[in-house]
Amino acid sequence: MPLSPISSIPVARRIIKNRYRLIGSLCENCKSMFMPPRIICPNCRRKGRMKEYEFSGEGEIYSFTILNTAPEGFEYQKPYVVGIIKLREGVLFTSQIIGKVESIRIGKRVRAVFRKMSVSEDGFINYGLKFEVIDEGSS
Amino acid sequence: MPLSPISSIPVARRIIKNRYRLIGSLCENCKSMFMPPRIICPNCRRKGRMKEYEFSGEGEIYSFTILNTAPEGFEYQKPYVVGIIKLREGVLFTSQIIGKVESIRIGKRVRAVFRKMSVSEDGFINYGLKFEVIDEGSS
Amino acid sequence: MRKIAIIGVGQTKFGEEWTKSLRDLAIEAGIKAIEDAKIEGKEIEALYIGNMSGIFTSQEHLAALAADMAGLNPIPSIRCEAACASGSVAFRNAYLSILSGQHDIVMAAGAEKMTDIVDAGALNALMSAGDQEWEGFVGLTFAGLYALIARRHMHEFGTTQEQLALVSVNNHKNALKNEYAQFRQEITVEDVLSSPIISDPLHLLDCSPITDGAAAIILASEEAIKRLKIENPIWVLGVGQASAPLALHDRKSLTRFDSTIIAARKAYSQAKISAKDIEYAEVHDCFSINEILAIEDLGFCEKGEGGKFVEKNGINEVVKVNSTGGLKAIGHPVGATGIRQLCDLTRILREKGKYGLAQNVGGSGSTCVVTILGSKDSIKG
Amino acid sequence: MRKIAIIGVGQTKFGEEWTKSLRDLAIEAGIKAIEDAKIEGKEIEALYIGNMSGIFTSQEHLAALAADMAGLNPIPSIRCEAACASGSVAFRNAYLSILSGQHDIVMAAGAEKMTDIVDAGALNALMSAGDQEWEGFVGLTFAGLYALIARRHMHEFGTTQEQLALVSVNNHKNALKNEYAQFRQEITVEDVLSSPIISDPLHLLDCSPITDGAAAIILASEEAIKRLKIENPIWVLGVGQASAPLALHDRKSLTRFDSTIIAARKAYSQAKISAKDIEYAEVHDCFSINEILAIEDLGFCEKGEGGKFVEKNGINEVVKVNSTGGLKAIGHPVGATGIRQLCDLTRILREKGKYGLAQNVGGSGSTCVVTILGSKDSIKG
Ligand SMILES: [Zn+2]
Ligand SMILES: [Zn+2]
């Protein structure tokens, strides 16, 4: 069987830059920021002027879940945590969260790190960013 | 990867009787015959009364093609012939045709034989009927 | 504007129907709807069918297949898809096709065959309703998306796991008398909380099941209803559809569905009634948290109060929510669910009550269709 | 009945667009259509999108995704599917939604991303438009289905391989001036006949290619056209859709498409014109034989004479068939093709001529939509 198209090589290559480096977009007209990137600013539409914008990779946990049932390519990671991160720039972004499960709470500070994301049955590996919990000592 | 659902075990089991024994349907109201079977007679709709009908398995070639490009599960058979058979009962039915390629022509008499149909990557085998050309000596 | 009503409904048993194919299910539901309407079948001028994904069966072009197998050729046949809202999107377009004046009698159906695909196949297929490039890429499942919503709702409003569990408990109880339901047994809060955690905080019994099934309705214009002498038509009083971002992270809030709020506003406005008038509501509890969102977003209680609402058995002085069992207990053959909701409301309103509402959600809230039906008593003057 | 016209068209380059995703393609086409109509975008009240199969990309719920990415939320977004006729089924329902009076300005789009799936994936995905239980089961491909039709047409009418080849030769020549076409090079009959046999009697160059692409149009009611002061609207004069059995063996004949004949009859009747009035016809040459069937079934020549028709470059005194290159040379991103045809006709009729026709086929003829467009000169009185 061929790879599921969602993890196929053409797809992975296309958005590698955005996935590896957290490059989204900024609308120069209304100053809104977007991650993942958008071609069109939903606020300004034809008046929008989008350019690339690299996010800092810092943020805090906005919501999270621990998955015990995994789709193809993720079975070996079970259980794993996926969260929505509120980036420092105010934008929400979906990512895996790594760190001690007990330490994962809404509001916890996190930062982006580069990791292996999934492995398909025939060995194709997707890489991308995950967010790791920042150990704040006293917190 | 799981099997493509079209060659999955649930599907194969469901229509095994019809595929193995050429069991279609007969509308007792308008006497129309159908292969593959139908639940509803398209002529009579709610007035139709459908019952099972076993076709003879004899017929002649109505059209055919020789495939050099094959879907998953059929690669090992290339090239192979698929035709539309006009069954003795007057009904058209799609099937593989086996026999010498030179002997395959529109109008040639054929009869149903039980054969292996396809083999999936993980070894699941579908069986069914193919039609073989009847050698008529002088023809 | 033409008046339009539902004149026939039909559905299959919902469940794991190993012996039936997608085409078998669709035809069975269609025949029952035609029989229920007491028409021949040849009066039908178009077929709309909701079906979520060819990934489940490897079969696309389902509308043409269903029209063929049902003996409806050569009428136009159209498949509509909006993930789990496919059924009601098919319904809405069937409704518009009559409103347009091009048709008078139309069938709207929905069907999904989810158990032909094996292993993790159904899980992967369902995730195709979300944003695969960004949500699927990091390993999210459909349960995962709703778990993210649930966690945030618990954080913002103090909603509890027990309240989530009560959604399933109520719906299982309501399904006891539903002959088409996949599950007809009572469960307890304890059962839910001790069932395996699928995607924390959601347990297995917070999730609607994998289901095979189909449902169909016949819609007709007022002129056709008079001509056919239909006795108890159930009127379509309002239909609203709205879209919201596909990915959760592109929304302004995780704890409300703007698609539901906007679709409901349109439907109430067209029907000239408000949330307070609805007596029966079929809402989209694909996961327990979603029934709580629906109750809030449809205006049956204030935002954040959905948890308390379900503690009172999902009813208040006026509205009964998911009184036939909801997606959890009836089952959720995704493309069929929107039509099944309308079948249930029709059966109820033929007997009792005045106003019913169906809310059908696609994906994690990116599409929502809200439909308001009215009994014969609902038509004023 | 309201008058409705196309006021804007846009499409991407068709081809193997490795650097663009399904969402990128859909948005690009949509933006171009909005710009072409000289509107803002916020005037659009609903989005219909044709897309054949989530199997190509693992992404369903494309209408919601496209509405989101295009900044069109919260308008209703609907995906329509009828295999290769998905685009024009989306168009027809967009048209009906305006006819219904519910909307005034609607976008109808089509998109397909076929090169994200690798190996035999695209082949398997395409076969999902046929009857998988009986046609797919014996190893038929989509080319195989059309090869069975071609063989029978050759048998009944003496159509030759050279005539089939001429369809491709003509279309490649016509595409030379089409900036969006996948192939802009001339080919000869010899080239076609010496290309590999895919499914005898069809050679590789009898088959339309695997293509990525999207197209979009903006439809508006006469009232909106006046309000927006649109200068050169192209009027929708007639739209017909019909269904026929999904499997070839369930048809009365292999050498005609009843779906085309019935859809054309409806469209001609609504437009109050006949085949003799059509000057530009965009027909569905997914395989060379299908252009021959189309020419016959649409009434441009007698049944069986299609082969002779293409010998005269696909034109007669009145009609020019596939003058922009057809599916063969332009490319065939399945869900986009029906909309692309309407884009091409619109561009032509803005410049010259009075009546254009598009014929879009789903599967091996199980669905057909025929649309007739008219230039400003076509509106009488
Ligand atoms: Zn902006
Ligand atoms: Zn009969």
Side-chain angles (χ1 to χ4, degrees), chain C residues 1 21 23 47 51-55 57-65 67-69 72-83 89 92-93 95-102 124-125 127-133 136 241-247 250 258-259 262 362-363 366-367 369, chain D residues 1 21 23 47 51-55 57-65 67-69 72-83 89 92-93 95-102 124-125 127-133 136 241-247 250 258-259 262 362-363 366-367 369:
Chain C
M1 215 165 99
S21 67
R23 62 186 78 187
L47 170 66
N51 174 249
M52 175 183 159
S53 182
I55 300 171
T57 56
S58 296
Q59 181 69 63
E60 308 282 4
H61 215 177
L62 177 65
L65 175 60
D68 179 13
M69 292 296 146
L72 293 174
N73 284 331
I75 64 170
S77 58
I78 299 98
R79 171 192 168 204
C80 294
E81 185 264 324
V89 168
R92 178 171 176 268
N93 282 281
Y95 171 76
L96 293 179
S97 81
I98 298 180
L99 258 194
S100 78
Q102 292 291 93
N124 295 336
M127 192 54 211
S128 68
D131 185 332
Q132 289 278 42
E133 282 195 5
Q241 183 185 341
S243 307
L246 195 66
D250 286 326
D258 286 341
S259 57
I262 294 166
S366 183
T367 297
V369 182
Chain D
M1 215 165 101
S21 68
R23 62 185 78 187
L47 169 67
N51 173 250
M52 175 182 159
S53 183
I55 301 170
T57 56
S58 295
Q59 182 69 62
E60 308 283 2
H61 215 176
L62 177 65
L65 175 59
D68 178 15
M69 293 295 146
L72 292 173
N73 283 331
I75 64 169
S77 57
I78 299 98
R79 172 192 169 203
C80 292
E81 185 265 324
V89 168
R92 178 170 175 268
N93 282 282
Y95 171 77
L96 292 179
S97 80
I98 298 181
L99 257 194
S100 77
Q102 293 291 92
N124 295 337
M127 193 53 211
S128 69
D131 185 332
Q132 289 278 41
E133 281 195 5
Q241 182 185 343
S243 308
L246 194 66
D250 286 326
D258 286 340
S259 57
I262 294 166
S366 183
T367 297
V369 181

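In what follows, every chain begins at residue 1, and chains take the letters A, B, ... in the order their sequences are listed. Heavy atoms only: backbone and side chains are in, while hydrogens, waters and symmetry mates are out.
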Against chain C, work out which of [options] has the most heavy-atom pairs shorter than 4.5 Å and name it.
options	result
D:Gly54, D:Ser77, D:Cys80, D:Gly363	D:Ser77
D:Asn51, D:Ile75, D:Thr57	D:Ile75
D:Ile98, D:Val369, D:Ile78	D:Ile78

Can you name the closest pair of heavy atoms from [X] and [Y] and give their distance?
X	Y	result
D:Ser21	C:Glu133	CB-OE2, 3.4 Å
D:Asn73	C:Ser243	OD1-CB, 3.2 Å
C:His61	D:Ser366	CE1-CB, 3.7 Å
D:Ala64	C:Leu246	CB-CD1, 4.2 Å
C:Gln59	D:Gly130	NE2-O, 2.7 Å

Rounded to the nearest 0.5 Å, how far apart are CG of D:Leu96 and OG of C:Ser100?
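These two atoms lie 4.5 Å from each other.
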Nearest 0.5 angstrom please: C:Gln241 CD to D:Gln102 CD, how far?
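Going from CD on C:Gln241 over to CD on D:Gln102, the span is 12.0 Å.
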Could you look at [X] and say if it's the side chain, the backbone, both or neither that has a heavy atom under 4.5 Å from chain C?
X	answer
D:Ile262	side chain
D:Asp250	side chain
D:Met127	neither
D:Thr367	both
D:Glu81	both
D:Ala63	neither
D:Leu62	backbone

Looking at [options], which one has more heavy-atom pairs under 4.5 Å with chain D than the rest?
options	answer
C:Pro245, C:Ser128, C:Ser97	C:Ser128
C:Val89, C:Ile55, C:Leu47, C:Leu72	C:Ile55
C:Gly101, C:Ala82, C:Ser259	C:Ala82

Using the side chain to side chain donor-acceptor pair (under 3.5 Å) rule, take C:Ser53 and D:Glu60 through it: C-alpha gap first, then chi angles, then the decisive distance, then the call.
CA-CA 7 Å; C:Ser53 182; D:Glu60 308 283 2; 2.6 Å; yes
Determine, step by step, whether D:Arg23 and C:Asp131 satisfy the side chain to side chain contact (heavy atoms under 4.5 Å, CB included) criterion, reporting the C-alpha distance in whole Å, the side-chain angles of both residues, the deciding distance to 0.1 Å, and the verdict.
CA-CA 11 Å; D:Arg23 62 185 78 187; C:Asp131 185 332; 2.8 Å; yes
